[in-house]
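These notes concern the structure reproduced below.
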Amino acid sequence: MKNRFFNVAIDGPAGAGKSTVARRTAEALGFVYVDTGSIYRTVALAVSERGLSCADEAAIGVLLKETRVELQWQDGVQHNYLNGDDVTDRIRTPEISEAASRVSALPAVREFLLETQRAVARSNSVIMDGRDIGTVVLPEADVKIYLTASAETRAARRCKELREKGIDTRLDDVLREIEERDYRDMHRKIAPLRRAEDAVLLDTSSLTLVQSVDETTKIIREKLGL
Ligand code: DC
């Protein structure tokens, strides 16, 4: 029988718990978890190392011609490589979050990363999380979930996460940052963040992490008949 790979798309705004929920659900189902935000972060790092403005599409287009972004999985953990260097840890700063949101609005960047994402989905059963997976990257995905939570809930969660890492932050600052990022991600011209018509909506505002994982796993199992 022909190999059949399942593709699950999980989209939603920043801080909705997508990555943790998607990762744990992938573990439960034995699928590969693909974090697509990280590849925009990797491009943002390349742009920032070169000292380019995130708005300079022409210069970024030239840079992309000599840039390699690769994904590898080590013990189930995704590692991102920029021109052969493992940059997995270096792309998790607030500066890179901001730059990733800006460069991800550029058509040249989205086009550059499209095939990287599709190639993984062609040869693996994946749970891929991002903003446009169900709408653009994998429009034929077997299951689509739009995972969201109120901006206030997301800000409170992010604040707690940062504080646990010893980074002191004010809730209003985090909330403002989240609202700005949402606005940019939802209003960009190309591949804006939106719920695909056939995506199941899951609001995690009043769910714990464990409940969110249970819920997504249930939705996926039911749809795939697993
Ligand atoms: O999920 P994240 O915070 O790591 O994503 C970083 C940025 O990348 C986010 O502001 C929007 C962008 N992004 C995107 O445009 N499309 C995706 N599929 C994933 C992320």
Side-chain angles (χ1 to χ4, degrees), residues 7-23 25-26 32-48 54-55 57 60 64 69 71 77-80 82 87-121 126-139 141 144-149 151 154-155 157-159 161-162 165 169 174-196 199 204 212:
N7 288 173
V8 177
I10 301 188
D11 292 299
K18 279 192 317 284
S19 56
T20 313
V21 170
R23 183 163 34 79
T25 307
V32 174
Y33 164 55
V34 187
D35 166 5
T36 65
S38 69
I39 60 179
Y40 290 92
R41 289 170 178 270
T42 303
V43 168
L45 180 67
V47 168
S48 125
C54 293
E57 191 167 12
I60 293 174
L64 291 178
V69 173
L71 300 178
V77 178
Q78 180 182 319
H79 286 252
N80 285 39
L82 175 60
V87 296
T88 312
D89 295 329
R90 292 175 52 208
I91 54 177
R92 297 288 156 197
T93 65
E95 293 72 30
I96 294 295
S97 298
E98 166 84 16
S101 173
R102 292 183 187 281
V103 298
S104 69
L106 304 176
V109 172
R110 304 204 73 85
E111 183 60 35
F112 175 72
L113 295 174
L114 196 54
E115 181 49 29
T116 307
Q117 300 169 82
R118 287 186 176 157
V120 184
V126 295
I127 295 192
M128 193 173 276
D129 96 37
R131 304 294 190 284
D132 62 336
I133 308 305
T135 51
V136 176
V137 180
L138 304 176
K144 299 181 187 178
I145 297 174
Y146 190 82
L147 197 80
T148 189
R154 291 185 281 130
R157 287 178 184 162
R158 184 60 45 108
C159 239
E161 237 171 64
L162 290 169
K165 286 188 193 159
T169 36
V174 178
L175 179 59
R176 203 188 45 241
E177 225 174 78
I178 280 191
E179 285 175 338
E180 282 170 9
R181 204 134 77 88
D182 281 358
Y183 187 87
R184 241 195 333 265
D185 293 347
M186 288 173 179
H187 291 84
R188 65 180 177 221
K189 281 209 193 74
I190 174 165
L193 168 64
R194 68 175 177 82
R195 176 184 167 193
T204 68
S212 308

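In this text, all values refer to a predicted model and were calculated from it rather than measured experimentally. Read the numbers this way: they start at 1 and go in the same order the structure lists the ligands and their atoms.
Residues Thr204 and Arg157 bring a donor and an acceptor atom of their side chains to less than 3.5 Å of each other. Between the side chains of Glu95 and Ser48, no donor N or O sits under 3.5 Å from an acceptor N or O.
Among pairs with a residue in residues 174-183, those fulfilling side chain to side chain donor-acceptor pair (under 3.5 Å) read Arg154-Asp182, at least two apart in sequence or across chains.
For Ala119, the side-chain contact (heavy atoms from CB on, under 4.5 Å) partners two or more places apart in sequence, or in a different chain, are Glu115, Arg122. Ala99 pairs by the side-chain contact (heavy atoms from CB on, under 4.5 Å) definition with Ala44, Cys54, not counting sequence neighbours.
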Could you pull out the N/O contacts under 3.5 angstrom between ligand 1 and the surrounding protein atoms?
| unit_1 | atom_1 | unit_2 | atom_2 | d |
| --- | --- | --- | --- | --- |
| ligand 1 | 1 (O) | Arg131 | NH1 | 3.0 |
| ligand 1 | 1 (O) | Arg131 | NH2 | 3.3 |
| ligand 1 | 3 (O) | Arg41 | NH2 | 3.0 |
| ligand 1 | 3 (O) | Arg181 | NH1 | 3.2 |
| ligand 1 | 4 (O) | Arg41 | NE | 2.7 |
| ligand 1 | 4 (O) | Arg41 | NH2 | 3.3 |
| ligand 1 | 10 (O) | Arg181 | NH1 | 3.0 |
| ligand 1 | 10 (O) | Asp185 | OD1 | 3.4 |
| ligand 1 | 10 (O) | Asp185 | OD2 | 3.3 |
| ligand 1 | 15 (O) | Ser104 | OG | 3.4 |
| ligand 1 | 15 (O) | Arg110 | NH1 | 2.8 |
| ligand 1 | 15 (O) | Arg110 | NH2 | 3.4 |
| ligand 1 | 15 (O) | Arg188 | NH1 | 2.8 |
| ligand 1 | 15 (O) | Arg188 | NH2 | 2.9 |
| ligand 1 | 16 (N) | Arg110 | NH2 | 3.0 |
| ligand 1 | 18 (N) | Thr36 | OG1 | 3.0 |
| ligand 1 | 18 (N) | Arg131 | N | 3.1 |
| ligand 1 | 18 (N) | Asp132 | OD1 | 3.0 |

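Salt-bridge formation is not detected for the pair Lys165/Glu161: no Lys NZ or Arg NE/NH1/NH2 atom is positioned less than 4.0 Å from an Asp or Glu carboxylate oxygen.
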